[in-house]
Amino acid sequence: MVHLLVPSPHRLPDQLRPDLRLVFVGTAASTRSAELGHYYAHPGNRFWRALHEAGITRRRYQPSEFASLIELGIGFTDLCKTGAGMDHQIAAEAIDVPGFRAKIEMYRPRTIAFTSKKAASLFYGRPSTAISLGRQASDGSLPEIFVLPSPSGAASGNWTLRPWRELAAWIAA
């Protein structure tokens with residue numbers, strides 16, 4: 001008897017390969033992204049606009065084109081690969097920081113960019129209030145790490161493009 005593994009409807013595939021110049025890391029897929037199978041797919045999400053406006057990409061991509069960014073050296077993953085929804089809706093036990101660290105060790109990207117202070121706080125094990133936006137201090141054991149303001153429409157009160165531009169300057173260097 002053959003058993004087929006059916007992917008969870010709440011899971012976006014990692015877009016990773018060795019030596020990427022940049023990997024974007026979220027907490028988990030939004031409900032809309034999980035439904036469509038595209039990263040940052042909600043129409044109110046600023047991710048794709050910010051990527052272009054900051055100068056990381058030459059044009060504005062659509063969420064459905066996320067897989068093509070790997071050819072630009074840009075990958076995607078989330079700390080939770082089994083759940084979907086807003087950060088406060090994701091069960092703590094679904095967050096897989098050790099699994100994420102293993103991916104980073106395997107693929108060795110040049111830069112990691114957390115797309116929210118919440119994702120960074122889960123990674124670092126510190127409260128979001130203790131996380132600053134922009135480039136993080138490095139101990140040399142990990143790739144360079146940036147923390148970006150969440151592009152989610154739900155986080156619009158804290159929006160700024162400045163850390164995205166800082167990231168664009170770093171990866172262009």
Side-chain angles (χ1 to χ4, degrees), residues 5-17 20-97 99-100 103-104 107 109 111-123 128 131 133-134 143 145-168 171:
L5 294 176
V6 178
S8 163
H10 299 297
R11 184 176 174 148
L12 287 174
D14 284 337
Q15 291 293 301
L16 299 171
R17 71 173 188 209
L20 291 169
R21 65 186 178 121
L22 174 60
V23 173
F24 286 104
V25 184
T27 304
S30 70
T31 303
R32 179 80 169 160
S33 290
E35 288 170 358
L36 295 176
H38 308 144
Y39 283 87
Y40 307 99
H42 192 280
N45 195 297
R46 296 177 189 84
F47 179 86
W48 298 101
R49 186 173 69 232
L51 202 62
H52 175 63
E53 288 178 3
I56 296 169
T57 58
R58 292 180 189 237
R59 69 174 178 89
R60 184 171 171 182
Y61 285 80
Q62 296 302 310
S64 61
E65 298 178 285
F66 78 92
S68 66
L69 270 73
I70 203 155
E71 298 308 318
L72 302 176
I74 299 172
F76 296 91
T77 191
D78 291 303
L79 296 177
C80 172
K81 298 304 289 182
T82 59
M86 296 181 76
D87 286 353
H88 71 274
Q89 297 171 315
I90 304 301
E93 60 273 9
I95 303 296
D96 186 10
V97 173
F100 168 70
K103 291 175 196 178
I104 295 308
Y107 294 109
T111 309
I112 299 166
F114 289 103
T115 57
S116 70
K117 287 176 78 172
K118 177 65 175 182
S121 75
L122 292 166
F123 174 75
S128 295
I131 305 289
L133 293 174
I145 297 176
F146 283 75
V147 177
L148 305 172
S150 173
S152 169
S156 60
N158 299 314
W159 179 250
T160 174
L161 197 57
R162 182 193 50 75
W164 292 78
R165 288 189 174 124
E166 182 186 356
L167 172 62
I171 63 169

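- Atom OG1 of Thr111 sits about 7.0 Å away from atom CG of Leu167, to the nearest 0.5 Å.
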Discussion item. For a side chain to side chain contact (heavy atoms under 4.5 Å, CB included) check, start with the C-alpha distance between Trp164 and Phe47, then their side-chain angles and the critical distance, and finish with the verdict.
Written reply: CA-CA 10 Å; Trp164 292 78; Phe47 179 86; 3.5 Å; yes
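- Between Gly134 and Pro163, the shortest heavy-atom contact is N-CB, 4.0 Å.
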Practice prompt. Evaluate the criterion side chain to side chain contact (heavy atoms under 4.5 Å, CB included) for residue pair Val25 and Ile104; output intermediate values, then yes/no.
Written response: CA-CA 11 Å; Val25 184; Ile104 295 308; 5.6 Å; no
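- Residues that satisfy the side chain to side chain contact (heavy atoms under 4.5 Å, CB included) test with Glu71, not counting sequence neighbours, are Arg17.
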Practice prompt. List the steps and the verdict of side chain to side chain contact (heavy atoms under 4.5 Å, CB included) for Leu69 and Phe24.
Written response: CA-CA 11 Å; Leu69 270 73; Phe24 286 104; 5.8 Å; no
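- Under the rule for a ring-ring contact (aromatic ring centres under 6.0 Å, His included), the partners of Phe123 that lie at least two apart in sequence or sit in another chain are Phe100, Phe114.
- Applying the side chain to side chain contact (heavy atoms under 4.5 Å, CB included) rule to Arg58 yields no partners; only residues at least two apart in sequence or on another chain are considered.
- By the side-chain hydrogen bond (donor to acceptor under 3.5 Å, both in side chains) test, Glu53 is found to be paired with no residue, residues two or more places apart in sequence or in another chain being considered.
- For Lys117, the NZ atom sits in a packed shell: over 12 heavy atoms of surrounding residues, nucleotides or ligands are nearer than 6.0 Å.
- Note that CG of Leu22 is 5.5 Å distant from CD1 of Ile74, once rounded to the nearest 0.5 Å.
- Not counting sequence neighbours, the partners of Tyr39 by the ring-ring contact (aromatic ring centres under 6.0 Å, His included) test are Phe66, Phe76.
- One distance of note links CZ of Arg21 with CG of Leu72; it measures 6.5 Å at 0.5 Å rounding.
- Shown here are the side-chain hydrogen bond (donor to acceptor under 3.5 Å, both in side chains) partners of Thr160, two or more places apart in sequence or in another chain: there are none.
- The side chain to side chain contact (heavy atoms under 4.5 Å, CB included) search around Ser33 returns Leu12, Ala29, Ser30, Ala41, not counting sequence neighbours.
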Item to complete: For the pair Leu133 and Glu166, evaluate side chain to side chain contact (heavy atoms under 4.5 Å, CB included) and give the outcome as yes or no after the intermediate values.
Response: CA-CA 10 Å; Leu133 293 174; Glu166 182 186 356; over 6 Å; no
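- Partner Glu65 forms a side-chain hydrogen bond (donor to acceptor under 3.5 Å, both in side chains) with one of Arg59, Arg60, His38 and no other, that one being Arg59.
- Legend: residues meeting side chain to side chain contact (heavy atoms under 4.5 Å, CB included) with Leu16, ordered by chain and number and at least two apart, are Asp14, Leu20, Val23, Thr77, Lys103, Tyr107.
- Of the inter-residue distances, the one linking Tyr40 atom OH with Thr115 atom OG1 reads 3.0 Å to the nearest 0.5 angstrom.
- The two atoms that bring Ala119 and Gly26 nearest to each other are CB-C, 4.0 Å, heavy atoms only.
- Enclosure of atom CZ in Arg32 is not indicated, since only 12 or fewer non-hydrogen atoms of other residues, nucleotides or ligands lie within 6.0 angstrom.
- Separating the NZ atom in Lys118 from the CG atom in Leu79 is a distance of 10.5 Å, to the nearest 0.5 Å.
- The side-chain hydrogen bond (donor to acceptor under 3.5 Å, both in side chains) test applied to Ser116 returns no partner, not counting sequence neighbours.
- For the salt bridge (charged side-chain N to carboxylate O under 4.0 Å, His left out) test, no residue two or more places apart in sequence or in another chain qualifies with Arg165.
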